[in-house]
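Take a look at the structure set out below.
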Amino acid sequence: MSVLERLIEYGESNPNVEVEEWKKTGNKVLGYWCSYIPPEIIHAAGALPYRLRGMGATGTDKADHDMSPVCNCSFPRAVLDLAHRGKYDFLDGILGMNGCDHTRRAFELWVERLQPTFSHFVYVPRTRKQVSVEKYAQELEKLKTGLEKYLGTEITGEALQQSVDLYNDNRTLLKQVQELFKKDRPPLTGTQFHHIINASVSISPVRLNLLLRELLEEVKDLDGPEDDKARLMIVGWVGDDTMLHRIIEESGGLVVMDNCCFGARAFWDPVVFDSKHPLASLGRSYLDRTGCPRMFATFNERYGMFQQAVGDYRVDGIVRTRLQFCDLHGVENVFFHKRKEQLGVPMSAPMVLDYIGQDEGRVRTRMEAFIEQLQQ
Amino acid sequence: MSDYKGFQFKTYDFSKQLDTHIDLIDLLHNTIGADLKKRPENVRWLFEPVQQYLDELAALRENPDKLVYRHFTFAPEIVYAMDCISYVPEALTFMMPTEYLCALVDEGREMDVPDHFCGFLGGVTAPLLTGRLPKPKAILHCNQPCDNSVAWGSVLAESFPDTEMFILDNPYGDDEEGVRFAAEQLREGFNYLERMTGKRLDLDRFREVMAKSAEAYRLMYEINEYKKAIPCPIPTSSILRPISVAFYALTGTEGLVGWLEKHLADTKERYEKGTGGWREEKMRVVWNLSWPIFDYGVYDWMEETFGAIAVAYHSAEPFYQPPDIDYGKASYEELLRALALRNNNHAMGRQGRGHFMTFVNDTLKWCREFSADGAIFAGHWQCQANWAAAQITKEKLMEELGIPMLIMTVDQLDPRVVSAEQMVSRLEPFLEMLAEKKGIKP
């Protein structure tokens with residue numbers, strides 16, 4: 001199996017064989033909901049941080065008992081459904097936060113209904129005011145204490161520094177893979193890269209660094225197939241499901257960039273760590289990075305990233321998406337609408353998606369039409 | 001099975017293309033305000049909070065420098081303490097004629113506002129983004145009660161790129177740490193308002209505002225005690241609109257205290273005479289979350305058909321217990337703490353920002369204290385956090401109090417989502433079941 005195939009397998013599996021190997025060593029695996037919970041702290045405590053995903057869900061009926069399909073997002077419902085079905089029994093605990101209303105409630109309901117051995121909630125502010133940054137540092141301190149108590153370990157400054165370095169290496173290497181898409185004929189497809197990103201949040205950072213280095217070595221001089229594909233950027237997609245990438249690429253497109261939760265935004269900015277103020281600097285870095293729409297009034301930062309990407313990656317068109325009932329990404333479609341002339345590339349009409357992918361036919365029709373339009 | 005077809009709910013004609021490029025404040029002041037003034041003397045007092053708020057908005061014309069945008073769950077006391085005018089753009093939707101609301105919602109959707117956005121916030125997005133609402137001197141925003149509010153903050157930032165905003169990070173917890181966190185931010189909020197408006201905070205004015213706020217809450221708790229009587233002297237449904245305007249927009253004002261005194265006197269009188277509302281009370285329900293602003297006839301139908309009286313309502317109940325301090329001499333720190341407590345316990349915000357058990361426990365409390373026969377969760381289809389608490393609430397109500405809860409969908413403002421008739425079709429079997437349980441013939 002090539003390194004690429006291995007990474008894809010890790011990304012597609014939930015859980016993957018790396019998790020099983022990790023568990024065999026007697027170490028714990030902790031699930032976390034969102035990229036605003038620093039995996040560095042979990043890793044420094046000796047546990048494997050495993051980002052919760054909905055991959056593998058075929059329905060949401062177990063979760064729907066508590067979270068209504070009338071207005072609750074299908075991604076956290078899919079995750080919660082997997083938990084109800086025992087698919088997350090390999091976890092030794094879960095960490096939640098106020099990423100959005102849906103994931104926050106899904107975490108609380110998981111704890112209420114399934115009573116995991118360990119759970120911890122991290123309150124993450126939505127602004128960068130000094131008092132909010134300090135509050136986040138206090139929350140990270142509570143997380144550290146909670147983990148130390150549960151795992152019977154001490155998170156030392158050195159361990160934290162080491163974990164930060166490892167995760168920063170992850171980010172640097174993922175960015176190098178991302179940059180391969182600047183080429184006319186990238187050696188990877190967007191779907192493959194999305195699988196790699198999914199793998200990156202579900203295996204050990206040490207192992208990931210080894211695999212990414214090997215992958216870069218293997219593909220850096222390769223070119224992809226000679227065909228004239230429409231180069232697309234996806235914005236707004238939340239989940240780990242690769243359905244959208246796959247459909248786009250089966251319809252004559254190539255996803256060269258994104259600004260999604262399981263995507264470039266998660267690895268774009270390195271953590272700036274100050275060993276004298278470890279948790280404060282970690283917190284500041286997480287709040288200051290290119291924000292998710294959960295952070296107040298940060299659209300222009302993301303927009304700057306889109307503008308840069310349109311040029312760097314020679315984007316032909318932007319696929320605007322949102323999961324049904326996502327307010328945070330949903331409202332950004334309005335701002336895109338206002339700027340549609342400025343970016344200089346066509347944008348699709350907002351595509352409302354369902355995480356489980358039950359509407360694949362509709363999505364395919366829409367994507368085929370958009371790509372045909374671009375190619376004319 | 002009763003025949004609700006004989007009951008007249010409001011009808012709307014959405015076929016006309018309304019001109020929405022109008023001055024919304026003028027529209028409200030001239031139409032709603034004028035209408036309220038025509039009401040008979042003996043019931044006019046009921047609508048005073050709405051009139052007071054409309055008059056404050058109208059005063060903006062003369063005092064544009066006092067205009068401060070405020071999110072509907074950001075405690076208004078901070079604005080009154082700075083002697084500014086508290087303007088809640090989203091509250092316009094709450095008061096405007098339904099046809100205008102729907103036209104504005106549609107205009108927003110043409111600009112790609114998500115179709116699941118509630119009428120409350122979705123209704124003013126288009127006027128904001130197209131510069132049809134007045135430019136504020138300052139903007140106070142916060143992240144409770146829902147993601148929609150966070151998204152709404154982004155709309156404000158987009159609409160007024162040159163106006164710095166102050167955003168309060170509402171805490172998750174209800175403990176002292178959460179109060180301190182809010183208080184520290186509110187201190188910054190005052191600094192921000194001083195910077196943006198050029199005014200200085202007068203500590204005596206702040207004391208006065210907080211004293212009036214505390215008095216308003218004291219009166220409201222007293223009124224609520226009387227409302228627990230059977231029959232309920234003032235059904236919540238009859239004063240939903242003014243009481244909501246009062247506690248979302250007017251706490252800290254003399255006008256509100258005066259109105260609550262009248263309200264208390266009226267309630268007391270009705271209690272002493274054993275008078276209920278308009279119709280005989282046969283059963284009582286707690287109405288949870290959203291109510292059909294577009295058609296209060298739903299309550300008339302419930303009362304007329306089943307004698308079902310809504311005695312408590314999510315947005316009309318007091319949650320804030322003002323600290324027992326001497327407001328006339330209180331220090332700045334004490335006042336900030338009181339304001340933080342007030343803010344953390346703002347209706348809707350309190351249930352939306354934290355753990356779902358707050359929602360569950362509040363519902364249990366009302367049902368217990370008001371001796372409810374049943375609860376109705378009228379879930380605004382945008383209130384995602386509360387929707388995810390509905391099932392657990394239902395289970396706890398049955399476990400602890402042995403009473404059932406109906407779960408149904410509404411949009412508070414837009415009857416095209418769920419009409420009054422559709423609501424009735426959900427309510428009817430539930431109320432029939434309650435009636436049967438109580439041995440009442442509808």
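In what follows, chains are A, B, ... by sequence order, proteins preceding strands, each numbered from 1.
In this structure, chain B has a heavy atom under 4.5 Å from the side chain of A:Glu112, while its backbone stays farther away. Only the side chain of B:Phe117 has a heavy atom closer than 4.5 Å to any heavy atom of chain A. Residue B:Cys118: no heavy atom, backbone or side chain, is found under 4.5 Å from chain A. Proximity to chain A is limited to the backbone of B:Ser149, based on heavy atoms less than 4.5 angstrom apart. At a 4.5 Å heavy-atom cutoff, A:Glu134 makes no contact with chain B through either its backbone or its side chain. The contact between B:Ala385 and chain A is made by backbone and side chain atoms together, counting heavy-atom distances below 4.5 Å. For B:Pro171, the part lying under 4.5 angstrom from a heavy atom of chain A is the backbone only. Interface remark: A:Phe325 contributes backbone and side-chain atoms alike to the contact with chain B (heavy atom separation under 4.5 Å). A:Pro293 touches chain B through its backbone: at least one of N, CA, C or O sits under 4.5 Å from a heavy atom, while the side chain does not. Neither the backbone nor the side chain of A:His329 has a heavy atom closer than 4.5 Å to any heavy atom of chain B. For A:Cys73, no part sits under 4.5 Å from any heavy atom of chain B, backbone or side chain.
Note: A:Asp101 CG to B:Asn148 CG = 9.0 Å, rounded to the nearest 0.5 Å. Atoms CD and CG, from B:Glu395 and A:Asp66 in turn, are 6.5 Å apart once rounded to the nearest 0.5 Å. Considering NE2 of A:His102 and CD of B:Gln384, their distance stands at 3.5 Å, rounded to 0.5 Å. Here A:Phe335 contributes atom CZ and B:Met111 contributes atom CE; the two are 9.5 Å apart, rounded to the nearest 0.5 Å.
Considering only residues two or more places apart in sequence or on other chains, B:Arg70 meets the salt bridge (charged side-chain N to carboxylate O under 4.0 Å, His left out) condition with none of them.
When each of B:Ile167, B:Asn170, B:Ile407, B:Leu168 is scored by its heavy-atom pairs under 4.5 Å with chain A, the top score falls to B:Ile167. Each of A:Ala349, A:Pro125, A:Ala297 has some count of heavy-atom pairs under 4.5 Å with chain B, and the biggest count is that of A:Pro125. Put simply, of B:Ala389, B:Cys383, B:Gly352, B:Gly379, the one with the most heavy-atom pairs under 4.5 Å next to chain A is B:Gly352. Comparing A:Glu332, A:Arg339, A:Gln130 by heavy-atom pairs within less than 4.5 Å of chain B, the highest count is held by A:Arg339. Among A:Val70, A:Asn333, A:Asn72, A:Asn98, the residue with the largest count of heavy-atom pairs under 4.5 Å with chain B is A:Asn72. Considering only heavy-atom pairs separated by less than 4.5 Å from chain B, the leading option among A:Arg104, A:Arg294, A:Met67 is A:Arg104.
Listed here is the closest heavy atom pair of B:Phe166 and A:Lys129: CE1-CD, 4.1 Å. When all heavy atoms of B:Gly354 and A:Arg105 are compared, the closest pair comes out as O-NH1, 2.8 Å.
For the pair B:Val155 and A:Val334, the minimum side-chain heavy-atom distance is 4.5 Å or more. Annotation: side chain of A:Cys71 is in contact with side chain of B:Trp387 (closest heavy-atom distance under 4.5 Å). Residues B:His116 and A:Gln324 form a side-chain contact, since some pair of their non-hydrogen atoms from C-beta on lies under 4.5 Å apart. Under the 4.5 Å side-chain criterion, counting only non-hydrogen atoms from C-beta, A:Val131 is not in contact with B:Asp169.
Using cut-offs of 30° and 60° on the angle between ring planes, the pair A:Phe121 and B:Tyr172 is parallel.
Under a 4.0 Å N-O distance rule, the pair B:Asp112/A:Arg322 does not qualify as a salt bridge.
Listed in order of number, the residues of residues 175-188 of chain B that approach chain A to under 4.5 Å between heavy atoms are B:Glu177, B:Phe181, B:Glu184, B:Gln185, B:Glu188.
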